[in-house]
Amino acid sequence: MDIHAHVAHLLSPLIGRHRDEVRHEVDDFVEEMVMPRLLEGGISRLAEHGEAGHRTLIISASMHHLVGPIASRLTADGALATHPAFDDNGCFTGATTGIVTFREGKLAALDAWLASADRNHRMPQTLWGYSDSHNDLPLLERVDHPHATQPDAPLRALAESRGWPVVDWRLSRQLA
């Protein structure tokens, strides 16, 4: 996949629209369409990490104007996602700014976040990671505790060969 072409396609309907207008639509979309589809096992696991005092992040290849509100709604500590660019009037330009959080970009975003956490003396001692896609292999290889969740076939095979937990949050139990 050409992530830059994909992102340009995703952003094209938003070009010229003001961020506040889109924010209200995204908030409604998250509440009506996204939240009911999230898997209870994943929501519970995120809450368990929060209750244990772990800092939690949602890291996604999706756009930040969508992922940020989802992370906030789930009470995660933050979201790492691709940021859209805005013009001087606060309107979407159709471009991105910063790190495109796809494959190695997720790892780059995490490393930048960790560097900031270290500078602020808030560096986590242990990193946990959860993914359903082989595209997240660089990220899963970076964390201390990788988990494959409803994994695609390549990630399932890799997780099983490496002895990583394979979890199906639709069932809310560990499979392997």
Side-chain angles (χ1 to χ4, degrees), residues 1-39 42-43 46 49-50 54-124 127-143 146 149-152 154-155 169:
M1 173 192 317
D2 178 347
I3 191 62
H4 297 286
H6 177 69
V7 168
H9 174 73
L10 290 176
L11 289 174
S12 64
L14 300 178
I15 294 172
R17 296 190 61 205
H18 195 273
R19 66 179 359 144
D20 291 338
E21 175 190 4
V22 173
R23 182 180 310 121
H24 294 298
E25 292 173 7
V26 166
D27 288 344
D28 290 344
F29 177 76
V30 166
E31 199 59 39
E32 295 171 19
M33 301 300 289
V34 175
M35 295 307 295
R37 292 189 167 122
L38 296 180
L39 299 175
I43 294 170
L46 186 65
H49 280 292
H54 302 159
R55 294 178 67 201
T56 57
L57 295 172
I58 306 295
I59 304 175
S60 177
S62 296
M63 299 303 299
H64 194 273
H65 64 277
L66 176 62
V67 178
I70 294 169
S72 178
R73 180 75 170 73
L74 292 172
T75 66
D77 293 308
L80 301 179
T82 303
H83 285 264
F86 299 97
D87 66 17
D88 293 339
N89 296 317
C91 295
F92 285 81
T93 66
T96 62
T97 184
I99 298 169
V100 175
T101 53
F102 180 67
R103 292 187 182 152
E104 291 80 7
K106 286 185 180 182
L107 182 58
L110 175 62
D111 285 341
W113 183 87
L114 288 169
S116 174
D118 190 33
R119 283 191 301 276
N120 295 315
H121 308 290
R122 298 191 66 204
M123 174 69 94
L127 300 177
W128 298 74
Y130 303 85
S131 179
D132 63 354
S133 173
H134 69 281
N135 287 317
D136 292 337
L137 185 57
L139 182 65
L140 289 174
E141 289 177 327
R142 172 68 169 82
V143 302
T149 59
Q150 300 81 238
D152 60 22
L155 180 57
W169 283 334

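As the structure is a prediction and not an experimental result, all values here were calculated from the model. Numbers here simply count residues along the sequence, with the first being 1. FYI, side chains are in, hydrogens and waters are out, and symmetry mates aren't considered; it's all heavy atoms of this structure.
Using a 30° and 60° split on the angle between ring planes, Trp128 and His54 fall in the parallel class, below 30°.
In this view, Thr96 satisfies the side chain to side chain donor-acceptor pair (under 3.5 Å) rule with no residue, not counting sequence neighbours.
Of all heavy-atom pairs spanning Asp132 and Thr149, the tightest one is CB-O, 2.9 Å. The minimum heavy-atom distance between Ala71 and Ala79, with the atom names listed, is CB-CB, 3.8 Å. When all heavy atoms of Val30 and Pro36 are compared, the closest pair comes out as O-CD, 4.4 Å. In terms of heavy-atom proximity, Leu57 sits nearest to Leu110 at CD1-CD1, 4.2 Å. Considering every non-hydrogen atom in both Ala81 and Ser62, the closest pair reads CB-O, 3.2 Å. Shortest non-hydrogen contact noted between His18 and Asp20 is ND1-N, 3.0 Å.
Remark: side-chain polar atoms of Thr82 are paired, donor with acceptor, to backbone N or O of Thr101 under 3.5 angstrom. Of the possible donor and acceptor atoms, one in the side chain of Asp87 sits under 3.5 Å from a partner among the backbone N and O of Asn89. The main-chain N or O of His134 is found under 3.5 Å from a side-chain atom of Asp152 such that the two form a donor-acceptor pair. Between the side chain of Asn135 and the backbone N or O of Arg103, no donor-acceptor pair lies under 3.5 Å.
Other residues, nucleotides and ligands place more than 12 heavy atoms under 6.0 Å from the CZ atom of Arg17.
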Steps toward side-chain contact (heavy atoms from CB on, under 4.5 Å) verdict (Gln150, Leu39): CA-CA 11 Å; Gln150 300 81 238; Leu39 299 175; 3.5 Å; yes

Verdict with reasoning, Met63 to Val7, per side-chain contact (heavy atoms from CB on, under 4.5 Å): CA-CA 8 Å; Met63 299 303 299; Val7 168; 3.8 Å; yes

Start with the C-alpha distance between Leu10 and His6, add both sets of side-chain angles, then the distance that settles side-chain contact (heavy atoms from CB on, under 4.5 Å), and finish with yes or no. CA-CA 6 Å; Leu10 290 176; His6 177 69; 3.5 Å; yes

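Contact check for Glu31 versus Arg73: side-chain heavy atoms found under the 4.5 Å cut-off. Leu74 is listed as a side-chain neighbour of Ile43, based on a closest heavy-atom distance under 4.5 Å. Between Leu46 and Ile58 there is a side-chain heavy-atom pair separated by less than 4.5 Å. Annotation: side chain of Pro124 is in contact with side chain of Leu114 (closest heavy-atom distance under 4.5 Å). Contact of the His64 side chain with the Thr97 side chain is not registered, since no non-hydrogen atoms from C-beta on lie closer than 4.5 Å.
A distance of 9.0 Å separates OG1 of Thr56 from NE2 of His49, quoted to the nearest 0.5 Å. Here CD of Glu104 is found 12.5 Å from CD1 of Ile99. Values are rounded to the nearest 0.5 Å. Annotation: the span from Cys91 atom SG to Ile15 atom CD1 amounts to 11.5 Å, rounded to 0.5 Å. Taking CZ of Arg142 as the reference point, atom CG of Asp111 lies at 5.0 Å (rounded to 0.5 Å).
Aromatic ring centres of His65 and Phe92: separated by under 6.0 Å.
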